[in-house]
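Remember, it's a predicted structure, so these values are computed and weren't measured experimentally.
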Amino acid sequence: MSAPPSAPETTPRFRPPRRTEPQSLAASVRRGAIWSFASTLTLRLSSIGITAIVARILTPHDFGVFAVATIVFTIVTALGEFGVTSCLARADFSVESLAPTLWSVSLASSLLMAGLLYEFAAPIAAALGSAQAAQPVQVLSIVIVVWGISAVPTAQCARDFRQDTIFWANALSFLSGTAVLLFLAKHGDGAMAFAWSRVAGQVTSCAVVLFSVPKLHRPGMKRSALSVLYSVGLPLGCANFVGYILQNVDYALISRLLGPIRLGEYVLAFNAASWSSTLLGGVLSSVSMPAFSRVKHDATRLSAAMADGLRVVVLIAAPMCTMVMVLARPLVLTLYGTRWASSATVLSILSLYGLISVAGVIFASMLAALGRSKFVLAVQLIWLAGLVPAMVIGVRKDGIVGAAIAHIVVIGPVVLPCYLVALRRATGVRISLLAKAAFPALAIASAAACLAWLTASEFESPLVQLAAGAAAGGSLYAVMMIPQLIRLATRGRAVPPKAEKILVAYYRTGRLVGLPMGPTPRHAARRQPFY
């Protein structure tokens, strides 16, 4: 926002300190979001490249075996988390009073879960259809212990919007993990290469966070902190646990019913379809919790923040998901090779799931920030109750394609409406306000995807199809969404003169060709959102 004109010295104006809170919050959120987005984008792009290399070295069987190990690891990790990090990330709780107790809980639970995971790795892996996953599961138990050490310091960084620290932790973690992965994969270690790379990455990340956090709290125990963990953290931890089961129930069923080779093909497609949710999920989890919790007592600002947050998420996720949807086959053939061709159809279907799930992530973050974690848990349980039978039917009828369809059948008609109803009951926000915020980006992204598909169909080479389609669709989306992109880049601040000239020219051109351009750009440019 632009600063108001100065009053004459003879008539000074008194500005209460609380009036500056939105601006300071805007700066903190913007800085944290930029660092978090840069971190996730850099790591995601690097990960895509590394996956493309490893996919040409390893087989779908290796991917499937490690996916089974990951199923066990993620569910056990969620079970032992107890909502510790999410509870501490809320800005309305005191770090000094909570951190010692939460660190004690985190350390104790991680040691317990790591021991159980190591001891029962073999029977669990066999029950999921891949006895070869036992050793990778045991290696991953080391990651749980390291995570327990770094959980509280990482939550402190997220709470204070210190995403620069998390950026360097993730970057160095990625470098060390990738070095281990490529070395072991090249020497034929298969799924164990993935497991040891996770260990190397987690140890590096833990070291960076521990040396960077402003204050390391000693483990301790307070009854008041346990009460907060029980009332707020435990329901959210249960919701996270159910969420991890939701993320892995398809993996478990495919591994059990179809075997690790088909699971490996499905995992590759699911990872590609999750690019948008992975890219935005890190930003949302690290920024939305402290941001929304700061404005939850102001209904007007809260509604504006919710609409604005959804607008930004859809603005970024919609073109990514729709482009992947129509360019799935050339993308798979270009990045991963012909041995993964059967993943293309699954990727195309799951791209729609990825788009809807991003909206679900931000809705869950809103509810958690408002202290309504029980709503999140309720929606997750409904989701799980619908997904399990749908997934069983889908996998039995049409293999990995049926599994992808089962996701769409449940998340669209069931889960998304449940989240909207929960938000309406918890905050009173109008559903039409959220729909209006998301519609422009969805409409333009759909048109851009159609253009990308038409352009790609004119060529034979997968590489040319991918490049030409992405260029055509991306150009249309960028041109049509110029106002939204400018406002995203200048959120919380006045639009620079050069950017405002671009907006004026854009609106004039649109009116000349008869398009409904909405409010005048000068008015729209200054109608800045909450952050």
Fill in: Gap between atom CG of L112 and atom CG of L117 - 0.5 Å precision
11.0 Å
Practice prompt. Taking S141 for its side chain and Q138 for its backbone only, find out whether a donor-acceptor pair lies under 3.5 Å.
Written response: yes
Worksheet, complete the sentence: Taken to the nearest 0.5 Å, the spacing of W147 CH2 from L107 CG works out to 9.5 Å
Worksheet item: To the nearest 0.5 Å, how far apart are CG in L331 and OG in S343?
Response: 11.0 Å
Discussion item. Holding to side-chain contact (heavy atoms from CB on, under 4.5 Å), I want the full list of residues that pass it with V208, two or more places apart in sequence or in another chain.
Written reply: A169, L172, S212
Discussion item. Between R198 and L140, is there a side-chain heavy-atom distance shorter than 4.5 Å?
Written reply: yes
Response to the item:
Residue set satisfying side-chain contact (heavy atoms from CB on, under 4.5 Å) with A318, at least two apart, ordered chain then number -> V314, L355, L442, A445
Item to complete: Evaluate whether atom CD1 of I261 has more than 12 neighbouring non-hydrogen atoms of other residues, nucleotides or ligands under 6.0 angstrom away.
Response: no
Fill in: A364 versus V376, closest heavy-atom pair with distance
O-CG2, 3.7 Å
Worksheet entry | Pairwise side-chain contact, V139 with F194, heavy-atom cut-off 4.5 Å (strictly under) | no
Fill in: Stepwise side chain to side chain contact (heavy atoms under 4.5 Å, CB included) test for L253 and V392
CA-CA 7 Å; L253 286 172; V392 172; 3.8 Å; yes
Response to the item:
In short, ring pair (Phe, Tyr, Trp, His ring centres under 6.0 Å) pairs touching residues 362-386 with sequence neighbours left out are none
Fill in: Audit row: M192, L184, side chain to side chain contact (heavy atoms under 4.5 Å, CB included) steps and yes/no
CA-CA 8 Å; M192 290 291 284; L184 294 180; 5.9 Å; no
Worksheet item: How far apart are the closest heavy atoms of G201 and S176, and which atoms are they?
Response: CA-OG, 3.8 Å
Fill in: Gap separating the CG atom of L347 from the CH2 atom of W340, nearest 0.5 angstrom
13.0 Å
Considering only distance and modelled atom types, tabulate donor-acceptor pairs under 3.5 Å from the side chains of residues 394-423, sequence neighbours left out.
from, atom 1, to, atom 2, distance (Å)
H407, NE2, D250, OD2, 2.8
H407, NE2, Y266, OH, 3.3

Worksheet item: Looking only at heavy atoms, which two atoms of S197 and G177 are closest? And how far apart?
Response: CB-O, 3.1 Å
Worksheet entry | Non-hydrogen atoms of V146 and C206 that approach each other most closely | CG1-CB, 3.6 Å
Discussion item. Please find the pair of heavy atoms, one from G354 and one from C321, that lie closest to each other, and give the distance.
Written reply: C-SG, 4.0 Å
Worksheet item: Sequence neighbours excluded, which residues qualify as side-chain contact (heavy atoms from CB on, under 4.5 Å) partners of V145?
Response: L111, A114
Worksheet item: Once you round to the nearest 0.5 Å, how far does CG of L352 lie from CE of M325?
Response: 4.5 Å
Worksheet item: Roughly how far apart are S205 OG and L210 CG, rounded to 0.5 Å?
Response: 9.0 Å
Worksheet entry | Side-chain donor or acceptor of R262 paired with backbone N/O of S255 under 3.5 Å | no
Worksheet entry | Heavy-atom neighbours of R425 CZ exceed 12 at 6.0 Å | no
Worksheet item: With sequence neighbours excluded, what pairs up with S342 under the side chain to side chain donor-acceptor pair (under 3.5 Å) test?
Response: E265
Item to complete: Over all heavy atoms of both residues, which pair between A134 and A121 is shortest? Give the atoms and the distance, please.
Response: O-CB, 3.6 Å
